[in-house]
Structure formats: structure tokens, C-alpha cells
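Below, chain A is the first sequence line, B the second, and so on; all start at residue 1.
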Amino acid sequence: MDSTKIVRNIRLGIKDLMLHKLRSFLTALGMVFGVGSVIAMLAVGEGASKQALEQIHKLGSNNIIINSMKPVEQATYDKEAARLSMYGLLYEDEIRIRESLDTVKRTVPARMMRKDARLGERNMELRLVCTTPGWFELVKRRLVAGRVIAQRDMIKSAPVCVLTEHGARRLLATQHSIGENIKIGGVFYEVIGIIISEVGGTSIQVPDQEIDAYIPITVSIERYGEATYDHTSGSRSMELVELHAILVEVESLEQVEPSAAAIRAMLKRFHKKEDYKVSVPLTLLNQAKETKRTFNIVLGSIAGISLLVGGIGIMNIMLASVTERTREIGIRRAIGAKKRQIVLQFLTETLVLSLAGGLIGTLFGIGIPKIITSLSGMPTVIPGYGILLSLGISISIGIIFGIYPAMRAADLDPIEALRHE
Amino acid sequence: MARAIVQITDVTKHYRMGSEVVRALDGITLSFEQGSFWAIMGPSGSGKSTLLNILGCLDRPTSGKYILASKDVAQLDDDELSDIRLKHIGFIFQSFNLIPQLTVRQNVELPLFYLGNDEQTSAEKARKTLDLVELSDRLDHKPTELSGGQQQRVAIARSLANDPDFILADEPTGNLDTATGQQIMDLLGALNRQGKTILMVTHEKEIAEHAGHSLHMRDGKIESIRGGT
Ligand SMILES: Nc1ncnc2c1ncn2[C@@H]1O[C@H](COP(=O)(O)OP(=O)(O)OP(=O)(O)O)[C@@H](O)[C@H]1O
Ligand SMILES: [Mg+2]
């Protein structure tokens with residue numbers, strides 16, 4: 001069987017199908033939906049996992065993030081006593097985590113405070129993040145100008161700050177004015193660098209915000225004291241917090257979960273109240289994977305059912321076609337066609353039908369995710385193997401559901417077939 | 001004496017209809033010589049078509065021996081029988097049996113393709129064969145656009161496409177008027193003179209006279225043979 005004969009067979013198959021255009025089209029429709037949903041499913045699934053991976057990457061997959069949290073107040077609490085609430089992570093916690101856990105590679109303390117920043121006429125409210133150079137290792141962001149905080153800034157308690165591009169645009173007329181002095185909370189800081197922060201709105205909480213300004217934690221202790229007093233607006237109560245967050249980096253992916261458990265146990269031992277929250281990006285990643293799996297099962301079932309229905313539809317039409325063309329089959333057999341040549345003829349028609357449906361379905365499958373993305377903003381990625389897969393599915397469906405009608409055609413008794421009508 | 005191309009010995013064909021057995025062929029022994037022209041006659045239901053189908057390797061006898069071109073047909077499988085039909089046998093039917101979706105040329109090309117000819121060779125051979133039946137000006141017509149006589153000539157061209165030794169015609173003029181039937185018979189006569197062995201079933205005496213030999217059947221048996229072995 002050489003290629004010109006295959007081409008000829010396909011051409012004849014198409015011709016026979018074109019005799020019943022509407023019927024052929026309706027028959028192929030099942031395949032269109034089936035293959036379309038397979039590709040759409042893959043695209044949405046791939047998009048979701050790519051998005052999840054990106055978010056995890058932003059958080060750092062080897063990281064554990066501990067945040068201070070105001071504990072839930074008890075109703076019987078004396079209102080006067082509640083005026084000053086002390087809670088949250090302590091400097092000691094950071095040292096303890098770093099020194100007592102082998103798996104911990106690095107810890108980064110951070111204090112956060114809201115301050116007004118001013119440069120000439122311009123001003124904005126910033127979130128001052130007081131931290132160590134390690135922050136920039138764990139929360140990897142693109143540096144657009146200058147440098148980030150270095151160890152020497154810590155030692156010298158240099159009043160320097162790193163702005164986000166958002167902050168720089170608001171405060172500095174031009175984005176790249178390194179060396180400018182801006183006044184934050186009454187203290188002058190020299191701008192040494194500008195980074196691009198993560199823009200909010202993603203489902204996973206990232207540690208940084210676009211209104212951040214970063215200063216050495218040593219400077220904050222000198223200028224603002226060891227703990228941060230916060231006035232809760234509308235009341236006279238005060239809050240006293242040492243550290244707002246501790247970022248922990250462990251050596252390897254496998255150590256993330258056990259280390260998080262050890263940290264939880266340690267914090268529980270030293271904190272009377274649960275005034276902290278330990279979050280593990282890796283766990284979120286696993287949750288995202290689980291969600292994707294559920295999603296795939298649902299969409300996969302829909303696709304599977306469509307393909308099954310499409311296949312049965314094709315088989316049904318091919319059986320009708322065999323009956324309709326019984327006499328033709330008899331003629332061909334009388335002329336000298338072998339059984340396998342009859343099988344091939346009908347199988348080719350089924351394959352043309354299922355492949356045509358599959359190809360149209362692929363186009364839909366490529367188009368639908370684009371619409372989903374433009375309507376919902378949900379990212380979709382059409383994987384290259386998806387196209388191959390849909391082609392494979394189309395061929396398989398064509399063969400699986402085409403072989404029975406084709407065999408029936410070939411097994412007709414030539415004499416009876418000739419007498420048909 | 002010319003070589004016998006076909007030799008059947010004590011061939012029977014039985015159909016079981018419930019508890020009854022229909023003996024469509026009831027012990028037939030015959031031989032046909034290369035290049036002979038036979039008319040097979042007999043009343044309806046006497047087994048003419050059944051005999052023709054067995055001779056044409058479309059059907060197998062219930063018992064008996066069938067030697068075609070020194071091959072024992074009973075030993076052959078379905079593919080081998082198809083191959084014999086393709087290469088050695090041409091069928092002509094009462095109802096023409098052209099494939100209506102295909103053009104005249106495509107109908108004639110069918111056996112050529114099944115034999116493995118490429119497109120160009122097939123097209124050429126089909127045109128030549130249609131030239132023999134004087135229809136090469138209707139290559140791209142559909143069968144339904146032709147008269148009955150023309151359709152039968154296309155069918156003859158198709159049966160000739162692979163240059164078979166043996167032409168089997170089951171009432172080839174049965175659906176045609178006398179004048180057109182006459183044309184078809186002239187065509188078959190010419191083919192016989194070129195050396196084709198022809199077996200033709202017919203009810204009409206005038207048609208049968210075109211053949212050099214005739215045999216009469218009744219109830220699955222040979223009643224009489226004229227002009228041959
Ligand atoms: N498939 C079959 N099943 C049962 N009986 C059959 C079958 N085919 C043929 N017969 C019977 O065999 C006998 C011979 O049939 P056949 O068709 O050979 O007759 P015929 O001589 O060609 O008749 P006609 O001149 O009407 O065409 C008939 O009695 C017919 O009913
Ligand atoms: Mg008959």
C-alpha cells in the first residue's frame with residue numbers, strides 16, 4: 001500500500017462523505033465537542049498550574065513564612081487592660097529558629113510600619129519594611145536601578161532605603177533618581193535602589209506590596225525603638241509588636257514540611273497565645289495541584305463522554321452507510337475487491353470523518369481558552385502535546401468505532417449484497 | 001479439441017429453508033472449452049444464476065469439484081477467490097450494476113485499481129476499453145445520464161478492463177429492448193471472436209442463437225446440451 005493509494009482512498013472517502021454533507025457534518029460534531037473540550041481542559045489545567053507555579057516561585061518554594069497575628073480577644077477581657085496589647089513574633093523567635101533547627105538555611109526578620117513619606121511637594125503613605133539583606137534573597141524581585149540593602153548598611157546603620165517602582169514613580173518625578181534623599185516618618189533616607197514589587201490581586205498572599213520601602217532593620221531599631229507601637233484608628237488602644245514577620249529558608253524541598261512542623265511546635269511552646277501564623281507556599285502548591293486534579297477529572301469526564309457519544313454517532317452513521325451501500329459493496333466484491341479492501345474503504349471514511357471533526361475541535365479547543373482568558377483573566381496555556389493528543393484521539397476513535405461497520409461491510413455475502421434493494 | 005478452461009464435476013448447491021432442502025444445483029458435470037460461447041437456458045428457478053455464480057467464484061458449491069484454469073477452486077480462500085474474479089472473470093448483470101456515485105470512467109477504473117494499477121495507467125486503460133464499446137465520449141458522465149444500452153456497454157467495458165479469460169453474463173439483455181439487445185449481442189460476439197470464453201444466461205431464443213453452444217437446465221439438473229461437449 002503506497003502513499004498515492006492512501007491519498008486516493010482518502011480522496012474517495014471525502015467524496016463519498018460529501019454526498020451527504022449535512023449528515024457528515026452532524027456526525028463529526030460529536031468529535032468536535034469531544035476534542036475541543038480535551039484541548040480546552042488541557043489549556044485551562046496547564047494555565048492554572050503555570051499560574052500556581054509562578055506564585056509559588058514568587059513566594060519561594062523552599063520558604064516558610066511566619067506572620068504576627070493579633071490573637072482573638074476574649075469577651076471577658078478587661079477593657080482597660082486591653083488598651084495595650086502585646087503580641088506577635090519576637091527577636092528571640094528568629095534566633096531560636098535559626099540556631100536550633102539544622103534544616104534552616106537562613107532566617108529573615110521583618111518589621112512593618114506605616115509611615116508618611118515626603119519629597120518636596122510629593123507625599124504618600126508607605127509601608128516601611130525593616131529587614132536584613134536576606135529579604136532580597138528570599139523574596140526575589142527584579143532590580144531596576146541601583147542596589148539592594150547590603151551587610152555594610154546594616155553594620156553602619158546607614159539611613160538608606162530601597163523603593164518599589166510604584167513608590168518611586170509617586171515620590172520621585174523620574175523613576176531612576178538614585179541618591180535622592182526622601183523623608184520617611186521624619187527621618188531622611190537615601191534612595192539606593194528601586195525594585196519591581198509584586199502587584200497584589202493574586203490568590204496567594206505574597207510578602208511584599210507595591211507601597212513598600214525597605215530599610216535596614218538596625219536603622220529602624222535606632223530610630224523607632226525595638227518594638228512598634230500601633231494606634232488602632234478610632235480607639236485609644238495600642239499594640240506593641242517586635243517582629244511582624246520571619247521568613248525562613250530551608251535547605252531543600254523535602255525539608256519544608258517537617259521544618260514547618262518543628263517551627264509550629266517550637267512557637268507553640270514559647271507563645272502563650274496563638275499570635276502568629278505559619279504559612280508554607282509548598283502546601284499551597286500541593287493544594288493548587290489537588291484543585292487542578294479535581295478540575296481535570298471533571299473536564300476529563302465531560303471530554304470522555306463527548307468522545308464516546310461522538311464515536312457512537314460515527315459508528316451509527318457508518319452502519320447506516322453500509323446498509324445503504326450494500327449493493328455497491330456487492331458490486332465491488334464481484335469485480336474482485338478483497339475483504340480488506342472493503343474494510344479499508346469504510347475505515348478510511350470513518351477516519352476522515354473523525355479526523356475532520358478532531359481538527360475542527362482542535363480549532364475550537366484553541367479558541368475557547370482564549371475567550372476564557374479574555375473574559376475571566378484566568379490564564380490558559382495550550383500545550384504542544386495537546387494537538388498531538390487530539391490527533392491521536394481522533395484517529396483512535398475513528399479506528400475503534402469504524403472497524404465494526406467496516407468489518408460488517410466486508411463480511412456481507414457478495415451474492416446477497418448484489419440482490420439487495 | 002481446444003483446452004477445457006472450466007471443468008465442474010458433480011457440483012451441487014443446496015439451500016436449507018427450515019426443514020426443507022432446496023436443491024438449486026443437483027449434480028452438474030460440465031466442461032467449457034477455451035474460446036467457446038455458451039447460452040444457458042431454462043425456466044425460472046432452474047438454477048442458472050446459481051450455476052453462474054459458482055462458475056464466477058462468487059459462490060461455493062455444497063459439494064463437487066471445480067477446476068478453473070487448472071486450479072482447484074474448492075481449495076482457495078476468500079482472498080484467492082477475489083483474486084481470480086479480479087484477474088480471470090468479468091461479470092455482466094441484467095441490471096448493469098454500475099456504481100451510481102461514480103462516473104463512467106471511474107466505474108471502469110475500479111477493477112484496474114484493485115489490481116494495483118496507478119492512476120495514470122488506469123485512466124489510460126479505462127479510456128481504451130471504453131473506446132471498444134464506443135463510449136469514450138461519455139467518460140465523465142454518471143451512469144444515470146446514460147441509456148440502458150449505454151449502461152450495459154459500460155458494464156461490459158468494466159468486465160473487460162483487466163482482460164479476463166472468462167465472461168459471465170446473467171441475462172445481459174433482460175432489461176433492454178430488442179434493438180439494443182442486438183447491439184449488446186454483437187459486442188459479445190465480437191469479444192468471443194477475439195478469444196473470450198463467454199457464458200450467458202438468457203430466456204430468449206433469438207439471443208441464445210448468438211452463442212455456438214447452449215445448455216438447458218431444469219430443477220438444478222442439465223436437461224440437454226446442444227452444439228458442444
Ligand atoms: N440464497 C438462497 N436461499 C435459498 N434458496 C435460494 C437462494 N438462492 C437461490 N435459491 C433457490 O435456488 C433455486 C435456483 O435459483 P436461481 O436464482 O439459480 O434460478 P434462476 O434459474 O437464475 O432463475 P431466474 O430465471 O428466475 O433468474 C431457486 O429455487 C431459488 O429459490
Ligand atoms: Mg437468475
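- Close approach to chain A, defined as a heavy atom under 4.5 Å from one of its heavy atoms, is seen in B:D78, B:D79, B:S82, B:D83, B:R85, B:L86 of residues 72-86 of chain B, taken by number.
- Atom CZ of A:R23 is surrounded by more than 12 heavy atoms from other residues, nucleotides or ligands within 6.0 Å.
- Residue B:R218 qualifies as open at atom CZ: its count of foreign heavy atoms under 6.0 Å is 12 or below.
- Chain A forms the most heavy-atom pairs under 4.5 Å with one residue out of B:L98, B:D59, B:N97, B:L102, and that residue is B:N97.
- In terms of heavy-atom pairs under 4.5 angstrom with chain B, the leader among A:K339, A:K15, A:R340, A:R332 is A:R332.
- The shortest side-chain heavy-atom distance between A:E328 and B:Q101 falls under the 4.5 Å cut-off.
- Both the backbone and the side chain of A:I335 come within contact range of chain B, judged by heavy atoms closer than 4.5 Å.
- When each of A:I415, A:L12, A:L19 is scored by its heavy-atom pairs under 4.5 Å with chain B, the top score falls to A:I415.
- The distance from the CD1 atom of A:I331 to the CZ atom of B:F93 is 7.5 Å, given to the nearest 0.5 Å.
- Residues of residues 105-135 of chain B lying under 4.5 angstrom from chain A, judged on non-hydrogen atoms, are B:Q106, B:L110, B:P111, B:F113, B:Y114, B:G116, B:E119 in numerical order.
- At a heavy-atom cut-off of under 4.5 Å, chain A is reached by B:N53 from residues 44-55 of chain B, listed in order of number.
- Contact residues of residues 141-177 of chain B toward chain A are B:R158 (heavy-atom distance under 4.5 Å).
- Across all their heavy atoms, A:A334 and B:L58 have their closest contact at CA-CD2, 3.8 Å.
- Interface remark: A:R333 contributes backbone and side-chain atoms alike to the contact with chain B (heavy atom separation under 4.5 Å).
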